[in-house]
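All heavy atoms count here, side chains included; hydrogens, waters and symmetry mates do not. Whatever order the structure lists ligands and atoms in, that order sets their numbers, starting from 1.
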Amino acid sequence: MTDYILEVQNIHTFIGEFHILEGVTVQVPPGSITVLLGRNGAGKTTTLRSIIGLTPPRSGQIIFKGEVIQGRRAYHIARMGIGYVPENRIIFRDLTVAQNLQIAERQKGDLDRKADFIFTLFPDLKRLYTLPGGNLSGGQQQMLAVARALVPDNDLLLIDEPSEGLAPVIIEQMMEAIRQLSSHTTVLLVEQNFQVASRLAERYVIIEEGLSVHAGLIADLVQDRDLIKTYLGVA
Ligand SMILES: Nc1ncnc2c1ncn2[C@@H]1O[C@H](COP(=O)(O)OP(=O)(O)OP(=O)(O)O)[C@@H](O)[C@H]1O
Ligand SMILES: [Mg+2]
């Protein structure tokens, strides 16, 4: 028996002929926030896309809740209980906030069941419920993108760079929301902002040029200035 809700074991992923991931291993314990760190182009997004099945790995293994999932279709993997929030806050700009949330339902009634929880995390969305997504600020769109993943019951959320391009006060709100939702759902996060990552996550995995090179507790990483400097380029 495994203690992890998700185990990514030595995956190799190609995009076209390009060998993008050359051995990525990520172990995610349940009930925690794990962050993928690494420089631009390291392979963080490709790792999330490999897990959800959008760029399926050519070799290695991905085990979710004890079942091998690589090779299954993305919608099938999602239905097993994985929510995916891609980078660049992808929402439907012409649909209202309400419609954006409704079409995220996996089963009828999901939104009714989850609305209170979602509005507790993101009160703005209640206020803006009938407005088109395109009218929302960048921060509000990011909140809507995360909220969409909360509509169905998920056991794991993959969230790609939720703080990117947001003002500090909005980043704080987003961090607080992720912290709160993580007591219900395990989170695997990509976060380039090391300050944000180190305050939010319990565990980390560093990806460097398509390879996972380090993993452990964030509390240990923040003490290790050399490691941070070598792989993340921040002092
Ligand atoms: N469609 C594609 N075709 C060719 N190469 C790609 C494609 N998508 C990504 N790559 C390459 O794969 C590598 C990993 O990209 P990925 O988006 O996973 O990195 P990342 O760590 O998420 O970077 P960032 O921090 O900039 O978001 C990069 O070198 C990138 O140029
Ligand atoms: Mg990325």
Side-chain angles (χ1 to χ4, degrees), residues 6-28 33-62 64 69-71 73-74 77-78 82-91 138-139 141-146 148-149 156-168 170-171 174-175 178 186-201 203-216 218 221 227-235:
L6 176 75
E7 280 193 275
V8 176
Q9 293 167 351
N10 193 28
I11 57 168
H12 287 243
T13 297
F14 290 70
I15 299 179
E17 77 222 56
F18 300 105
H19 194 168
I20 305 293
L21 300 186
E22 304 181 20
V24 168
T25 294
V26 179
Q27 295 173 320
V28 179
I33 300 178
T34 300
V35 65
L36 299 180
L37 299 169
R39 296 173 199 258
N40 287 328
K44 305 180 296 296
T45 295
T46 306
T47 299
L48 296 190
R49 289 173 57 85
S50 297
I51 294 166
I52 199 72
L54 294 171
T55 54
R58 196 175 285 185
S59 65
Q61 202 164 53
I62 304 179
F64 175 61
I69 61 169
Q70 88 271 8
R73 295 191 185 266
I77 295 172
I82 303 183
Y84 175 46
V85 184
E87 49 190 348
N88 307 323
R89 43 187 105 110
I90 294 168
I91 57 146
Q141 290 185 14
Q142 183 62 278
M143 290 171 191
L144 179 55
V146 174
R148 283 170 44 78
L156 175 67
L157 289 184
L158 311 175
I159 311 179
D160 201 343
E161 305 229 29
S163 78
E164 197 184 14
L166 302 184
I170 309 295
I171 294 178
M174 183 59 73
M175 281 174 64
I178 292 173
T186 305
V187 175
L188 177 60
L189 188 72
V190 170
E191 181 53 67
Q192 289 257 45
N193 181 330
F194 185 67
Q195 290 300 326
V196 170
S198 61
R199 285 170 53 201
L200 202 51
R203 309 188 66 86
Y204 73 92
V205 177
I206 296 175
I207 298 179
E208 168 95 345
E209 295 185 1
L211 201 67
S212 49
V213 290
H214 254 279
I218 277 277
L221 177 64
L227 196 63
I228 294 171
K229 201 148 186 247
T230 303
Y231 291 116
L232 308 175
V234 291

**Asked** Does R39 come within less than 4.0 angstrom of ligand 1, counting non-hydrogen atoms of the residue?
**Response** yes
**Request:** Give yes or no for whether the N/O distance cutoff of 3.5 Å, strictly under, is met between T47 and ligand 1.
**Result:** no
**Heavy-atom closest pair, residues P57 and S50** = CD-O, 3.8 Å
**Request:** Side-chain contact test, heavy atoms from C-beta onward, threshold under 4.5 Å: evaluate it for L221 versus F194 and give yes or no.
**Result:** yes
**Item:** Minimum non-hydrogen distance to atom 21 (O) of ligand 1, winning option of K44, H19, E161, E17
**Value:** K44
**Message:** On a heavy-atom basis, which atom in L189 and which in P162 lie closest, and how many Å separate them?
**Reply:** CD1-CG, 3.7 Å
**Request:** Considering heavy atoms of the protein only, find what lies nearest to atom 28 (C) of ligand 1 and give residue, atom and distance to 0.1 Å.
**Result:** G41 O, 3.4 Å
**Item:** Close side-chain approach of R58 and T13, heavy atoms under 4.5 Å
**Value:** no
**Request:** Would you please determine whether G43 falls within less than 4.0 Å of ligand 1 on a heavy-atom basis?
**Result:** yes
**Fill in**
min-distance protein heavy atom vs atom 4 (C) of ligand 1 -> F18 CD1, 3.8 Å
**Item:** Side-chain heavy atoms of V190 within contact of I159, under 4.5 Å
**Value:** no
**Complete:** The closest protein heavy-atom partner of atom 27 (O) of ligand 1 is E87 OE1, 3.4 Å
**Request:** Check whether any side-chain heavy atom of Q70 sits under 4.5 Å from a side-chain heavy atom of V8, and report yes or no.
**Result:** no
**Message:** Less than 4.5 Å apart, side chain to side chain, heavy atoms only: is that true for S59 and H12?
**Reply:** yes
**Prompt:** L48 versus T46: any side-chain heavy-atom pair under 4.5 Å?
**Reply:** no
**Prompt:** Under 4.0 Å from atom 30 (C) of ligand 1, do we find at least one protein heavy atom?
**Reply:** no
**Message:** Would you say the Mg ion (ligand 2) has T46 as a near neighbour, meaning an N/O/S atom of that residue under 2.8 Å away?
**Reply:** no
**Item:** Option with minimal heavy-atom separation from atom 11 (C) of ligand 1, where the choices are L36, I15, I20
**Value:** I20
**Request:** Check each of N88, V190, T45 against atom 22 (O) of ligand 1 and report the one with the nearest heavy atom.
**Result:** T45
**Prompt:** Would you say the side chain of T186 lies within less than 4.5 Å of the side chain of T34, judging by non-hydrogen atoms?
**Reply:** no
**Message:** Counting non-hydrogen protein atoms only, what is the nearest one to atom 18 (O) of ligand 1? Give residue, atom name and distance.
**Reply:** T46 OG1, 2.5 Å
**Request:** Rounded to the nearest 10 degrees, what's the angle OE1 of E87 makes with OG1 of T45 at the Mg ion (ligand 2)? Could you check?
**Result:** 90°
**Prompt:** Should you measure from each heavy atom of Q192, which atoms of ligand 1 turn up under 4.0 Å away?
**Reply:** 25 (O)
